[in-house]
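Values below: every heavy atom of this structure, side chains too, minus hydrogens, waters and symmetry copies. By convention in this document, chain letters (A, B, ...) are assigned in the order of the sequence lines, proteins followed by strands, and residues within each chain are numbered from 1.
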There are 2 protein chains.
Amino acid sequence: MANIHQVAKQAGVSIATVSRVLNNTSKVSEKTRHKVEKAIRELNYAPSMLGRNLRNSESRLLLVLIHTFSNPYYTEIINGIEDYAIENNYNILLCETDDNLQREDIFLHMVRNKLADGIISMNPTVHVDKLKELSESHSIVLCSDYYEDANIPYIAIDNTEAAYRAVKYLITMGNKKIGLINFNENLLYAKQRRIGFEKALNEFQLPICDEWIHYTDGLSFQDGVEAMRRMLRSKNRPTAVFIISDTLAIGAIKELHAQGIKVPQEMAIIGFDNIAFSSMTTPALTTVSQPKYQMGYRSAKMVIDRIQGLPVENVIMDYELIIRESTLG
Amino acid sequence: MANIHQVAKQAGVSIATVSRVLNNTSKVSEKTRHKVEKAIRELNYAPSMLGRNLRNSESRLLLVLIHTFSNPYYTEIINGIEDYAIENNYNILLCETDDNLQREDIFLHMVRNKLADGIISMNPTVHVDKLKELSESHSIVLCSDYYEDANIPYIAIDNTEAAYRAVKYLITMGNKKIGLINFNENLLYAKQRRIGFEKALNEFQLPICDEWIHYTDGLSFQDGVEAMRRMLRSKNRPTAVFIISDTLAIGAIKELHAQGIKVPQEMAIIGFDNIAFSSMTTPALTTVSQPKYQMGYRSAKMVIDRIQGLPVENVIMDYELIIRESTLG
DNA sequence: GTGAAAGCGCTAACAC
DNA sequence: GTGTTAGCGCTTTCAC
């Protein structure tokens, strides 16, 4: 493929002029512009980003760190990130870390190697100290999961409040025995949602019963099945359960079906995240919806602002309670 | 951040030697190697991929073209692509085209601009002529959806045969009235699956009834709901339906639930793709499974082989019928 | 085993 | 309005 020299030669101008035409960066006479454009067409020339990026010392690539592609929670966030990125001439590199610290290291190195200009991390298992250190010299933001004292800009919802609202809704529907299926509390959001859960029960002086609280090791459908199975071993059962993620909740409902327990008549279920499939299940799932697209869009803006040296502030977004069949008798 | 010159200076060697240490490319004495490594550590140096890529005139980036992230069919394919890519020091750029030709153009240009070394296209709506032309000078392969006469290497399953097998299974289960929900036949696989469907019915001399064949405009859950709703308007109903994609099938089942029709007792349903959620629905979905991870892994190998100038051949993979509750009385 | 130097393709400062 | 030139950070050929 042709390079800028050949275009310059063909058009009878200097390479500087070709560059000016390409980038519209300073005045070029109509006549020379036409000559250059003609040469570009004739040679089927496309400028090399390799040269441009080296010269500008930027890659215009953003890293998006996630735990796994297959978690549908991320898809809409990624759409938001991508839209803002493309609007601003950036591309995104989706990085799946799979709980693998070595793999995570590869990705974090990419920003040191100038292969990426910034990072949006949605990866709860990330090595916090490394990220913190990297954040001092590079542009990093956290999306939807964050660390309280890390001094890395983040965008998230108020998880405590959202969980509180969800459980309060279950209470106002007449439930007095309310359970919780939660994930590993190493994750800030899991801890916060448990606190919100307890806050609501305390406010209405309802019991917080250990038999009704179960933790999972993962966030998969199967983890939800198993957690509900454990909960159902007890004779004393809650009439409603708050489940920290939709995928877990869908698994829990599957197990309730299997055991012939009617949802919501015998047990109401409320999830969290409003993933696409939560409206497709039978019964459709009541859930807490985060403004996922917006969170992605704004986190992309945050990281690009940081790259350009602009000041960036933490953002707390609004959430919404989506009421569907799994809580409506 | 330090560059190779500063490391060379600090170590008291030439930049050539630093490069040799970095790339292990020719013999360097133990002593100088140590000096260089020490300097690298002291300066916290990381080589710039920008310089390396320009020099080597490669980006080590692969484009993966998909229609939309939110189609869960792709997630496992992408995992396969990513694994092979990372093993071979490539990264992948996921490109969502969203039926937007302009956006597609941006992505196709990236390979001309040297920002990507190759393309794996899984995008059925792609502008075939452009892709064909690009494929003459660049490394492109097609995964799971392909064009018969395009002369672009592809990897896929035998859709006709797979559909035939699925429908034959419905017949052996005793169904004599079998319907089809299909997608736009501009897509080769949609056409092929319809042909397989008809082949099975013809073989057993069963009727192909227009009332039982419905087409959708999209591949979403809601499209499935609506297609089934249309099918149920007719008094004369099939006892089993072959649906071309799991997401559509899950929508169809939702509508059957809503109308109080029991699956599989009153109507058996078989889907296609074996997406993760197809095992989570109630009833769990019988479906045709493609070896998605392997298809991704091998398509990555194909495109990297092409980049390196190796010969590449089309691949037809095996499929599998996964029998679950939606066809088992 | 090591160094000097050319050059990958581009942008931008400077000169005219 | 246009051309000359330096240089972004690296790899590799050619000497020695």
Side-chain angles (χ1 to χ4, degrees), chain A residues 1-40 43-61 89 109-117 307, chain B residues 1-40 43-61 89 109-117 307:
Chain A
M1 178 117 70
N3 64 19
I4 199 170
H5 278 99
Q6 295 166 31
V7 174
K9 197 173 158 196
Q10 172 103 356
V13 299
S14 75
I15 59 166
T17 300
V18 177
S19 177
R20 287 188 187 104
V21 171
L22 289 172
N23 298 293
N24 240 322
T25 178
S26 82
K27 294 257 168 291
V28 176
S29 77
E30 270 307 292
K31 204 172 128 203
T32 38
R33 150 165 278 115
H34 281 312
K35 279 196 297 185
V36 171
E37 282 166 349
K38 181 155 166 282
I40 288 175
L43 295 171
N44 190 24
Y45 166 75
S48 159
M49 292 305 156
L50 265 27
R52 177 177 294 175
N53 288 347
L54 173 61
R55 173 61 220 225
N56 295 343
S57 90
E58 62 176 11
S59 63
R60 297 204 86 84
L61 232 44
N89 272 310
H109 261 290
M110 290 176 63
V111 75
R112 297 201 346 113
N113 291 333
K114 305 253 187 190
L115 233 174
D117 294 342
I307 290 169
Chain B
M1 177 116 71
N3 64 18
I4 199 170
H5 277 99
Q6 295 165 31
V7 174
K9 196 173 158 197
Q10 172 103 357
V13 299
S14 74
I15 59 165
T17 299
V18 177
S19 177
R20 288 186 187 106
V21 171
L22 288 173
N23 299 292
N24 239 322
T25 179
S26 83
K27 294 257 167 292
V28 176
S29 77
E30 270 307 291
K31 205 172 128 201
T32 38
R33 151 164 278 113
H34 281 311
K35 278 196 296 185
V36 171
E37 282 166 350
K38 183 155 165 280
I40 288 176
L43 295 172
N44 191 24
Y45 166 74
S48 159
M49 293 305 155
L50 264 31
R52 177 176 294 175
N53 288 347
L54 173 60
R55 173 62 219 226
N56 295 344
S57 89
E58 62 175 11
S59 64
R60 298 204 85 85
L61 233 44
N89 272 310
H109 261 290
M110 291 176 64
V111 75
R112 295 199 349 111
N113 291 331
K114 305 254 189 190
L115 232 174
D117 293 342
I307 291 169

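Computed from coordinates, the B/Ile4 CD1 to D/dC8 C1' distance equals 13 Å when rounded to whole Å. Between the CG atom of A/Leu43 and the P atom of C/dG9 there is a distance of 14 Å, rounded to whole Å. To the nearest angstrom, P of C/dC8 lies 18 Å from CZ of A/Arg52. Nucleotide C/dT11 holds its C1' atom 13 Å from the CG atom of B/Leu54, rounded to whole Å. With rounding to whole Å, B/Leu50 atom CG is found 9 Å from D/dC8 atom C1'. Summarising the geometry, the separation between CG on A/Asn56 and P on C/dC10 is reported as 12 Å, rounded to the nearest angstrom. As rounded to whole Å, 14 Å separates atom P of D/dG1 from atom NZ of A/Lys31. Spacing between atom CZ of A/Arg60 and atom P of C/dT11 amounts to 12 Å, rounded to whole angstrom units.
Of all non-hydrogen atoms in A/Val36 and A/Val13, the two that sit nearest each other are CG2-CG2, 3.9 Å. Here the closest non-hydrogen pair linking B/Asn24 and B/Arg33 is OD1-NH2, 3.4 Å.
Comparing C/dC10, D/dT2, C/dG3 against the side chain of A/Asn3 picks out C/dC10 as the nearest. Among the nucleotides D/dT4, C/dT11, D/dT12, the one closest to the side chain of B/Ser19 is D/dT12. You'll find that the side chain of A/Ala16 is closest to C/dA12, out of C/dT2, C/dA12, C/dG1. Side-chain atoms of A/Ser14 lie closest to D/dG3 of the nucleotides D/dC10, D/dG3, D/dT12.
Comparing B/Arg20 and A/Ile15 against DNA chain C, the residue whose closest nucleotide sits nearer the 5' end is B/Arg20. Along DNA chain C, the nucleotide nearest to B/Ser29 and the one nearest to B/Lys114 differ in position, and the one closer to the 5' end is contacted by B/Ser29.
For B/Arg55 against C/dG9, a side-chain-to-base donor-acceptor contact under 3.5 Å is absent. Judged by distance alone, with hydrogens and angles left aside, B/Arg33 brings no side-chain donor or acceptor close enough to the base of C/dG1 to form a pair under 3.5 Å.
Residue contacts shown for A/Asn23 are limited to sugar-phosphate atoms, with no base heavy atom under 4.0 Å away. Counting any heavy atom pair closer than 4.0 Å across all strands shown, B/Ser57 reaches no nucleic acid atom.
For A/Arg55, there are no side-chain hydrogen bond (donor to acceptor under 3.5 Å, both in side chains) partners, not counting sequence neighbours.
For the residue pair A/Asn44 / B/Arg112, a side-chain donor-acceptor distance below 3.5 Å is found, with atom types taken as modelled. If you check the side chains of B/Ser59 and B/Asn53, you find no donor sitting under 3.5 Å from an acceptor.
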